[in-house]
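The block underneath contains the structure these notes are about, expressed in structure tokens.
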Number of protein chains: 2
Amino acid sequence: MPDVESQCEGFRHAREARRNVLIEDYVELIDDLLTEGQEARQVDIADRLGVSQPTVAKMLVRLVAEGFVTRKPYRGIFLTDAGLALAETVRARHQLVEEFLLALGVDAVTARLDAEGMEHFVSDATLEAFRTALKTGVLRR
Amino acid sequence: MPDVESQCEGFRHAREARRNVLIEDYVELIDDLLTEGQEARQVDIADRLGVSQPTVAKMLVRLVAEGFVTRKPYRGIFLTDAGLALAETVRARHQLVEEFLLALGVDAVTARLDAEGMEHFVSDATLEAFRTALKTGVLRR
DNA sequence: TTTACCTTATAGCCTATTGCATATTATTTC
DNA sequence: GAAATAATATGCAATAGGCTATAAGGTAAA
Ligand SMILES: [Mn+2]
Ligand SMILES: [Mn+2]
Ligand SMILES: [Mn+2]
Ligand SMILES: [Mn+2]
């Protein structure tokens, strides 16, 4: 077993990351919806996430409070500069994680499912290792 | 963007996995403590997880309710057969994820931190892909 | 055996995430 | 412009996961 401090640090780190999971998923999704259809409404977000509309409404209050989105009443949700920046970072990370799994030989459905969860816990350093492995082609089979 | 059903399934899957994160970490940790020192007390668990003792007490109620642990008053926590089985599965998965990151060239500290979060979202299929990549040595640098 | 220490239990409070049911408000359509 | 439809807001409730402070119960040393 690792020493108490190291292990404790690991658990704290993971708990911290868990607090950002929803924010990251929402912001990425909103950006996708805006890019694809010019609008992101609560009902669409709810459908995509598989939660109820009131659940989305509540989370949007938090996203506004944290400065990631703005809202035009009955006109949908929009990203602030901070929101857009976060969306781009998060999407790039998500895509890289999924691509990496695919390159490893994981089937497409599993890669999609696993990436949706894993992405939030992959650090920049690990992401860089994924990128390198993809680039050098060592994973091709 | 993926179709609504697929994306929704991914988010649901990840939410489901999130509900097991704590259970998995607790059971793995309790097993480690029992193996190493013959006892797992609330205070030790709390120290290792970086949470308070009352927080552990509350979670233990849940772990007992879900059939993973039993308790001897003032004598610590013990694993049921189900708890032991879960612990073994979870530990093997955790170790494999961490080993895989290390083999990819990720530094030890980062590998430890990332693995603590990622492990809970890695499916058996992906785990098998990790195992294969490790075995065939394609990741060695 | 009595005190000191260790461990666990409890009470009370908080934030985060989710749900259901229903009301309200805006937009569209006829 | 009124009715139908779509979208959002709100109230109420539940579960999960944290915390601090304090009480209480066991163990073990003196
Ligand atoms: Mn994502
Ligand atoms: Mn995700
Ligand atoms: Mn673990
Ligand atoms: Mn973990």
Side-chain angles (χ1 to χ4, degrees), chain A residues 4 8-27 29-30 33-34 37-66 68-78 116-117 120, chain B residues 4 8-30 33-34 37-66 68-78 116-117 120-121:
Chain A
V4 178
C8 184
E9 183 197 8
F11 286 124
R12 286 184 184 285
H13 180 82
R15 273 200 302 279
E16 173 66 26
R18 260 202 311 275
R19 283 216 309 277
N20 299 313
V21 170
L22 273 190
I23 287 178
E24 292 173 355
D25 282 341
Y26 268 77
V27 167
L29 174 58
I30 290 167
L33 287 169
L34 288 173
Q38 280 83 54
E39 59 179 9
R41 293 167 307 163
Q42 288 188 18
V43 282
D44 299 331
I45 297 170
D47 281 351
R48 291 268 171 187
L49 291 175
V51 297
S52 69
Q53 170 264 319
T55 293
V56 172
K58 212 172 295 182
M59 186 59 52
L60 289 176
V61 171
R62 183 177 159 204
L63 289 174
V64 169
E66 301 202 15
F68 294 119
V69 312
T70 57
R71 347 174 44 172
K72 299 200 207 308
Y74 289 84
R75 281 297 170 186
I77 311 302
F78 301 88
E116 192 59 72
H120 309 282
Chain B
V4 177
C8 184
E9 182 197 10
F11 286 124
R12 285 184 185 285
H13 181 80
R15 273 200 301 279
E16 172 65 27
R18 255 199 317 272
R19 281 212 302 279
N20 299 314
V21 169
L22 274 190
I23 288 179
E24 292 173 356
D25 282 340
Y26 268 78
V27 167
E28 185 187 355
L29 174 58
I30 290 167
L33 287 169
L34 288 174
Q38 279 83 53
E39 59 179 8
R41 293 166 308 164
Q42 288 188 18
V43 283
D44 299 330
I45 298 169
D47 281 351
R48 291 269 171 187
L49 291 175
V51 298
S52 67
Q53 169 265 318
T55 293
V56 172
K58 206 177 298 183
M59 187 59 51
L60 288 177
V61 172
R62 184 177 159 204
L63 288 175
V64 169
E66 301 203 15
F68 294 119
V69 312
T70 57
R71 348 177 41 173
K72 299 200 208 306
Y74 292 85
R75 282 294 171 187
I77 312 301
F78 300 89
E116 192 58 72
H120 309 282
F121 303 92

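Every chain is numbered from 1, with letters handed out A, B, ... down the list of sequences. These figures come from a predicted structure and were not determined experimentally.
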Review point. Whole-Å distance between dT15(C) C1' and Ile23(A) CD1?
Key: 13 Å

Review point. When the distance from NZ of Lys72(B) to P of dT8(C) is rounded to whole Å, what number comes out?
Key: 14 Å

Check your understanding: What pairs with Glu24(B) under side-chain contact (heavy atoms from CB on, under 4.5 Å), at least two apart in sequence or on another chain?
Key -> Asn20(B), Val90(B), Arg93(B), His120(B)

Got a list of protein N/O to nucleotides 18-28 of chain D N/O distances below 3.5 Å?
unit_1	atom_1	unit_2	atom_2	d
dG18(D)	OP1	Arg18(A)	NH2	3.3
dG18(D)	O6	Lys58(B)	NZ	2.5
dC19(D)	OP2	Ser52(B)	N	2.8
dC19(D)	OP2	Ser52(B)	OG	2.9
dC19(D)	OP2	Thr55(B)	OG1	2.7

Point to revise | Of Val21(B) and Ile77(A), the one whose closest DNA chain D nucleotide lies more 5' | key: Ile77(A)

Check your understanding: Taking only residues two or more places apart in sequence, or in another chain, which ones meet Phe78(A) in a side-chain contact (heavy atoms from CB on, under 4.5 Å)?
Key -> Leu34(A), Thr70(A), Lys72(A)

Point to revise | Residues in side chain to side chain donor-acceptor pair (under 3.5 Å) contact with Glu66(B), at least two apart in sequence or another chain | key: Arg62(B)

Review point. Who are the side chain to side chain donor-acceptor pair (under 3.5 Å) partners of Glu16(B), not counting sequence neighbours?
Key: Arg19(B)

Practice item. Take atom CD1 of Ile45(B) and atom C1' of dC6(C), then tell me their distance rounded to the nearest Å. Key: 15 Å

Point to revise | Nearest-Å distance for atom pair CG/P, residues Leu60(A) and dA16(C) | key: 15 Å

Practice item. List the atom of Cys8(A), the atom of Gly50(B), and the distance in Å for their closest heavy-atom pair. Key: SG-CA, 3.4 Å

Exercise for review: Go through the structure and list residues passing ring-ring contact (aromatic ring centres under 6.0 Å, His included) with Phe11(A), not counting sequence neighbours.
Suggested key: none

